[in-house]
Amino acid sequence: MSNTLQNCILTIGTFDGVHKGHQYLFSKMKELSLHYKTKSIVITYNRHPIETLNNSIFPYLLNDKEQKEALIKASGIDEIVFLDFSEEIARQSAEDFLKDTIIKLYKPSWIVCGYDTHFGHNREGNSKFLQSHSHKYQYQIYEVDALSYNQDIIISSSLIRDLIRKGFVDNVLTYLGYYYSIKGIVITGKKIGRTLGFPTINLLPKDKFKLIPDSGVYLTLTNIEGNLIFGLTNIGVSPSIKSDNKVEIETHLLNFSGDLYSKEVQLYFLEKIRNERKFAQKSQLITQIEKDIQYAQNFIMSFNKWEYIK
């Protein structure tokens with residue numbers, strides 16, 4: 001371990017979402033690191049602990065590892081350490097984890113913790129635990145209070161997940177501080193959209209646990225090799241034209257043509273336009289898509305939130 005990483009300002013957590021509450025905690029770490037002229041370090045996990053603890057198979061991730069790392073670095077943190085959350089770590093006592101990982105490797109001068117910081121077996125490593133062991137291991141504690149919106153809504157990953165599951169992607173911006181997005185690979189679909197005059201790209205999320213918004217039609221931006229293209233994204237089974245009942249993420253890109261198969265893109269969700277519904281005739285579906293495109297074009301004319309595309 002490099003001496004430049006010892007006597008650091010350190011925090012530990014899952015930090016799924018890197019939402020405004022997390023960003024606030026990181027800003028306090030940065031203040032301390034500048035004041036004491038030392039490094040700031042975030043210890044987090046390669047995979048969400050829920051995968052080990054609950055053998056989760058349902059989508060829940062707000063950020064994949066790549067997105068999380070980029071967002072934490074953008075907050076001004078000097079170093080990020082990713083740990084594998086194994087069954088061994090899950091069984092390890094809070095004091096053993098503190099002694100054998102945090103203290104032995106980093107010897108922090110300050111440990112910054114949030115109001116809901118937990119680590120170790122049975123989540124016993126909280127702020128009170130850290131405070132009670134601070135003299136023994138010679139560090140100081142800086143506890144960051146919960147960040148609230150309108151004084152009564154605590155910003156949390158669980159709140160944000162609930163909103164995304166319900167399709168409220170525009171509300172999520174308030175708590176994340178950036179538009180929710182999905183990184184994925186463009187795969188071959190059934191190419192039915194082009195028969196209607198509205199070709200689409202099908203997105204396969206890079207992480208199978210990535211949380212997908214509720215079914216419906218969304219206004220989106222797609223980052224294609226650095227170029228941002230507005231589009232309309234349908235999440236769902238497309239009941240008017242398909243019968244396999246398979247949920248897909250299909251985007252009709254506005255004013256774009258080109259072959260994107262096998263390319264990696266990032267899809268940003270700006271606003272939900274409407275719920276998915278079944279039309280009796282294809283002509284009715286086409287008419288509705290034309291209305292959706294007109295709505296999108298009006299939206300684009302006044303869009304000015306580019307700083308929230310991260």
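These numbers come from the heavy atoms of this one structure, side chains and all, not from hydrogens, waters or symmetry mates.
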J.: Would Leu98 and Leu130 satisfy side chain to side chain contact (heavy atoms under 4.5 Å, CB included), going step by step from the backbone distance to the final call?
T.: CA-CA 9 Å; Leu98 175 64; Leu130 287 169; 4.1 Å; yes
J.: Thr251 and Gly231: which non-hydrogen atoms are nearest, and at how many Å?
T.: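 Between these two residues, the closest heavy atoms are CG2-CA, 4.4 Å.
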J.: Might you work through the side chain to side chain donor-acceptor pair (under 3.5 Å) test for Glu290 and Tyr295, ending with a clear yes or no?
T.: CA-CA 9 Å; Glu290 290 172 343; Tyr295 181 91; over 6 Å; no
J.: Would you please indicate yes or no on a ring centroid separation below 6.0 angstrom for Tyr179 and Phe269?
T.: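 Here the rings of Tyr179 and Phe269 have centres that are no less than 6.0 Å from each other.
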J.: Any link between Met29 and Leu34 through a network of hydrophobic side chains (Ile, Leu, Val, Met, Phe, Trp, Tyr) touching at under 4.5 Å?
T.: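 Cluster IDs for Met29 and Leu34 differ.
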J.: I'd like to know if Asp207 and Lys65 make a salt bridge, using a cut-off of under 4.0 Å between side-chain N and carboxylate O.
T.: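 So Asp207 does not pair with Lys65 through a salt bridge.
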J.: Any idea which heavy atoms bring Val112 and Thr11 closest together, and the distance?
T.: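 Closest pair (atom of Val112, atom of Thr11, distance): O-OG1, 2.7 Å.
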J.: Would you check, one step at a time, whether the test side chain to side chain donor-acceptor pair (under 3.5 Å) holds for Thr174 with Asn171?
T.: CA-CA 6 Å; Thr174 301; Asn171 300 70; over 6 Å; no
J.: Output yes when a side-chain donor or acceptor of Thr117 lies under 3.5 Å from a complementary backbone atom of Ser127, and no otherwise.
T.: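 Side chain of Thr117 to backbone of Ser127, a donor-acceptor pair under 3.5 Å: no, none is there.
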J.: Ignoring hydrogens and geometry, is there a side-chain-to-backbone donor-acceptor pair from Gln266 to Thr222 under 3.5 Å?
T.: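 Looks like no, no N/O pair under 3.5 Å.
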J.: Check the surroundings of atom OH in Tyr149: do more than 12 heavy atoms from other residues, nucleotides or ligands lie under 6.0 Å from it?
T.: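 Atom OH in Tyr149 is not packed in, count stays at 12 or less.
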J.: Can you tell whether the side chains of Lys263 and Glu225 come within less than 4.0 Å, N to carboxylate O?
T.: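 Salt bridge: yes.
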J.: Report yes or no: does Asn223 contribute a side-chain atom to a donor-acceptor pair with the main-chain N or O of Leu228 at less than 3.5 Å?
T.: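 Such a contact is absent between Asn223 side chain and Leu228 backbone.
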J.: Can you tell which of Phe230, Tyr268, Tyr178 makes a ring pair (Phe, Tyr, Trp, His ring centres under 6.0 Å) with Trp306?
T.: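 The passing option is Phe230.
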J.: Taking the six-membered ring for Trp, is the centroid-to-centroid distance between Trp110 and Tyr139 below 6.0 Å?
T.: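 Judged by ring-centre distance (under 6.0 Å), Trp110 and Tyr139 do not meet the cut-off.
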J.: Is the count of non-hydrogen atoms from other residues, nucleotides or ligands lying under 6.0 Å from Glu88 atom CD greater than 12?
T.: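 Open: at most 12 neighbouring heavy atoms sit under 6.0 Å from CD of Glu88.
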J.: Checking Glu250 side chain against Thr200 main chain: does a donor-acceptor pair fall under 3.5 Å?
T.: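 A pair under 3.5 Å: no.
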J.: Lys68 pairs by side-chain hydrogen bond (donor to acceptor under 3.5 Å, both in side chains) with which of Thr44, Asn63, Asn46?
T.: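 So the option named by the test is Thr44.
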J.: So that I can tick it off, tell me whether Asp214 and Lys272 are bridged by a salt bridge, with the cut-off set at under 4.0 angstrom between side-chain N and carboxylate O.
T.: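 Yes, this pair counts.
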J.: Is it the case that more than 12 heavy atoms not belonging to Tyr308 sit under 6.0 Å from its OH atom?
T.: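 No - once you tally the heavy atoms of other residues, nucleotides and ligands closer than 6.0 Å, there are 12 at most.
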J.: Do you know which two heavy atoms are closest between Ile201 and Leu260, and how far apart they sit?
T.: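 Heavy atoms only, the tightest pair is CG2-CD1, 4.0 Å.
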J.: Could you report the tightest heavy-atom contact between Gln23 and Val18, atom names first, then the distance?
T.: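 For Gln23 versus Val18, the nearest heavy atoms are NE2-O, 2.8 Å.
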J.: Test your reading of the model: is there a side-chain donor-acceptor pair from Thr38 to the backbone of Asn7, 3.5 Å cut-off?
T.: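 Present.
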J.: Determine yes or no for a side-chain-to-main-chain donor-acceptor pair under 3.5 angstrom, with Gln67 supplying the side chain and Asp64 the backbone.
T.: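 Answer holds: yes.
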J.: For the CG atom on Asn255, are there more than 12 heavy atoms of other groups (residues, nucleotides or ligands in this structure) within a distance under 6.0 Å?
T.: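 At most 12 heavy atoms, drawn from other residues, nucleotides or ligands, come within 6.0 Å of this atom.
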J.: Is there a donor-acceptor contact under 3.5 Å from the side chain of His252 to the main chain of Pro199?
T.: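 Yes; judged by distance alone, with no hydrogens or angles, the pair exists.
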J.: Charged N to carboxylate O under 4.0 angstrom, Asp162 versus Lys166?
T.: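 Yes.
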J.: Taking all non-hydrogen atoms of both residues into account, name the closest pair between His133 and Phe129 and its distance.
T.: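 Reported closest heavy-atom pair: ND1-O, 2.9 Å.
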J.: Just by modelled atom types, is the Asp152 backbone N or O under 3.5 Å from a matching donor or acceptor in the Asn150 side chain?
T.: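 Pair absent, no side-chain N/O of Asn150 close to backbone of Asp152.
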J.: Is the His48 to Phe209 ring centre distance short of 6.0 Å?
T.: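 No, too far apart.
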J.: Determine whether Leu204 and Leu61 fall in the same hydrophobic cluster, where Ile, Leu, Val, Met, Phe, Trp and Tyr are linked whenever their side-chain heavy atoms lie under 4.5 Å apart.
T.: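 Different hydrophobic clusters.
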J.: Within the supplied structure, the quantity of interest is the number of heavy atoms (other residues, nucleotides, ligands) at a distance under 6.0 Å from Gln297 CD; does it exceed 12?
T.: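 Yes.
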J.: Step by step, work out the side chain to side chain contact (heavy atoms under 4.5 Å, CB included) result for Ile309 and Leu221.
T.: CA-CA 9 Å; Ile309 307 297; Leu221 268 170; 3.7 Å; yes
J.: Looking only at heavy atoms, which two atoms of Ile212 and Pro205 are closest? And how far apart?
T.: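 Answer, listing the atom of Ile212 first, then Pro205: CD1-CG, 3.9 Å.
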J.: Would Phe15 and Phe26 count as a close aromatic pair, with their ring centres under 6.0 Å?
T.: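 That pair passes the under 6.0 Å test.
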J.: Just checking, is any N or O donor in the side chain of Tyr60 or Glu51 under 3.5 Å from an acceptor N or O on the other one?
T.: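 Tyr60 vs Glu51: donor-acceptor pair found between side chains.
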J.: List the steps, then state whether salt bridge (charged side-chain N to carboxylate O under 4.0 Å, His left out) holds for Glu79 with Lys39.
T.: CA-CA 8 Å; Glu79 300 284 344; Lys39 297 285 188 179; 5.3 Å; no
J.: Is there a donor-acceptor pair closer than 3.5 Å between any side-chain N or O of Lys20 and the backbone N or O of Tyr175?
T.: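 The answer is no, because no donor-acceptor pair under 3.5 Å joins these two groups.
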J.: Verify the distance criterion only: is there a donor paired with an acceptor across the side chains of Asp78 and Ser40 at less than 3.5 Å?
T.: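 Result is yes, a qualifying pair exists.
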J.: Step by step, work out the side chain to side chain donor-acceptor pair (under 3.5 Å) result for Tyr137 and Glu95.
T.: CA-CA 11 Å; Tyr137 293 113; Glu95 180 159 10; 3.1 Å; yes
J.: Between the main-chain N or O of Leu62 and the side-chain N or O of Arg161, is there a donor-acceptor pair closer than 3.5 Å?
T.: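 Answer holds: no.
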J.: Nearest 0.5 Å, what's the CG-CD distance between Asn304 and Glu307?
T.: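 Answer for the CG-CD pair, Asn304 versus Glu307, is 7.5 Å.
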J.: Between Arg274 and Asp292, is there a side-chain N and carboxylate O pair less than 4.0 Å apart?
T.: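 Salt bridge present between Arg274 and Asp292.
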J.: Please say whether more than 12 non-hydrogen atoms of neighbouring residues, nucleotides or ligands are located less than 6.0 Å from NZ in Lys99.
T.: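 Atom NZ in Lys99 is packed in, count exceeds 12.
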